[in-house]
Protein chains: 2
Amino acid sequence: MKTVSARRPVENKPAKVRRRDREKTKAEILQIAFEEFAESGLLGANADAIAAKAGITKRLIFYYFNSKEELFIAVLEMAYGKMRLAEEDLHLATLEPEAAIRRLAEFTFDFHQANPEFVRLVAIENIHRGRHIQRSEKLTQMTRPIIGQIERVLAKGKSLGAIRPEIDAHELHVTLNALSIFSVANRHTFEAQFRWDMSSPEAKARRRREIAEVLWRYVRSDECSSAADRS
Amino acid sequence: MKTVSARRPVENKPAKVRRRDREKTKAEILQIAFEEFAESGLLGANADAIAAKAGITKRLIFYYFNSKEELFIAVLEMAYGKMRLAEEDLHLATLEPEAAIRRLAEFTFDFHQANPEFVRLVAIENIHRGRHIQRSEKLTQMTRPIIGQIERVLAKGKSLGAIRPEIDAHELHVTLNALSIFSVANRHTFEAQFRWDMSSPEAKARRRREIAEVLWRYVRSDECSSAADRS
DNA sequence: CCCGTAATTAACCCATTGGATAATTACAGC
DNA sequence: GCTGTAATTATCCAATGGGTTAATTACGGG
């Protein structure tokens, strides 16, 4: 006895269903949502727009992800997951201390430059006080192994006397991320204030060198070590 | 002959008007709007809420500032203006190079820590790709004299041989701001990822020292200069 | 071939919210 | 005191946009 009144869709077009693949559909929604959230923020992103760009119905978004916020969390999880994957390709163990530190700096810088949407997403999540990242079990449990890599580099460098013993892996990681993320995240207000280009290839290259330099000079031990040739 | 129909407000309460001070009212709106925008972003901030908190009618907001976006621009102008004022209190000229650099670092750090709403506002404006700061004549013309101060410190330091000649004032400023802003702006995602406190007085004090250290080691000349006593 | 279930669609709902219209009130200058 | 004007209020409007209801369609297993 559910009965009767049920709304009838228009009866002319049978509306062919495009495909029938749960995982693929979810992945597509996630990708488009990632772009939308990174572009417009949590509030600015529009479910209708996401649906349109993904070529599906809005209802489908809520079918797979129950709400906008849960979709946002899923997007965060995906984005952070990708970063972690990238970090695994960093093999710092084999390098000498200075080379390892510079490589770490350049890798981080390159990653942020190549993934400005990711940086934007992180900024947006911070505007929301990290409320979603906290709610995500995946993300709170996903301890980032990058710290382990840094610790190993530091340990080696310290034992060789090339790196100051008081350097802390966490502090180093914060320092590097601050320098690297800033070039992407605060580009616009900085460029507006100083009419100073941060986006051209030359400016980026210079900044890249500068960050590696800052980092190395920060960690190296005081005994006037090799400044290496930075052409 | 506009005539007749005009909507009549309810006729029981004469609705006493609170005050009649253009500048004061505008200033109050600006202050509340600053808080709201910093808290909730451009889209999240609510005109009704601003009006309620300011104890006025929403219409008044649009009377003084024509639209939400213009209000946001006015808020940005005010916020940046305050920062510039604060920067003027920095007297670096009298200090020796190392002291000047450390003082600059600590001042910047303290300012951002003391004004997280400002940092949030800047982050929000960057999410909007600096579109408002660009539109504001006040802000695009407001060249920040802080660069001048930094240049003078560097010049003095270079002539004394204490600071490397290749250090650039702009790059230094970017570096310092990156380090300083990050501690406020990206606090939440970082804390969530590493379960690592960045908010306690101890953590802040440590970070403050660290940043000064990074900056000084970055600019000082290579001849193993005094590491000074950082107790 | 049939049928249950899961994927997908169409259409609707309604709270929120920038912004607008127009009345009202205070206040300064004559 | 009168009056023009600026400050302020009450009320309304239309669009936007999350989220929902229910119909429809594909598809795999018996």
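Labels below follow one simple rule: chain letters A, B, ... track the order of the sequence lines, proteins then strands, and each chain is numbered from 1.
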Using a cut-off of less than 4.0 Å, is there contact between a side-chain N or O of A/Thr25 and OP1 or OP2 of C/dT8? yes
What residues from residues 58-77 of chain A pass a heavy-atom cutoff of under 4.0 Å to DNA chain C? A/Arg59, A/Leu60, A/Tyr63, A/Tyr64
Salt bridge (charged side-chain N to carboxylate O under 4.0 Å, His left out) partners of B/Arg131, counting only residues at least two apart: B/Glu69
For B/Ala33, the side chain to side chain contact (heavy atoms under 4.5 Å, CB included) test, sequence neighbours excluded, returns B/Phe37, B/Ile50, B/Leu71, B/Val75
As a test of understanding, state which of B/Val153, B/Leu215, B/Ile147 forms a side chain to side chain contact (heavy atoms under 4.5 Å, CB included) with B/Leu172. B/Leu215
My understanding is that only residues two or more places apart in sequence, or in another chain, count here; which of them pass side chain to side chain contact (heavy atoms under 4.5 Å, CB included) with B/Ser200? B/Asp197, B/Glu202, B/Ala203
Residues that A/Asn115 engages under side chain to side chain contact (heavy atoms under 4.5 Å, CB included), provided they are two or more places apart: A/Phe111, A/Phe118
Nearest-Å distance for atom pair CD/P, residues A/Glu23 and C/dA6: 14 Å
Side chain to side chain donor-acceptor pair (under 3.5 Å): which pairs involve residues 175-186 of chain A, sequence neighbours left out? A/His112-A/Ser180, A/His173-A/Asn177, A/Thr175-B/Arg207
Which of the following nucleotides, C/dT9, C/dA6, D/dA10, is nearest to the side chain of A/Ile56? C/dT9
A/Lys58: partners by salt bridge (charged side-chain N to carboxylate O under 4.0 Å, His left out), with sequence neighbours left out: A/Asp48
Can you give each donor-acceptor pair under 3.5 Å made by side-chain atoms of residues 80-89 of chain A, sequence neighbours left out, with the distance rounded to 0.1 Å?
unit_1: A/Glu87; atom_1: OE2; unit_2: A/Arg144; atom_2: NH2; d: 2.3

Ordered by number, residues from residues 29-49 of chain B within less than 4.0 Å of DNA chain C (heavy atoms) are B/Ala45, B/Asn46, B/Ala47
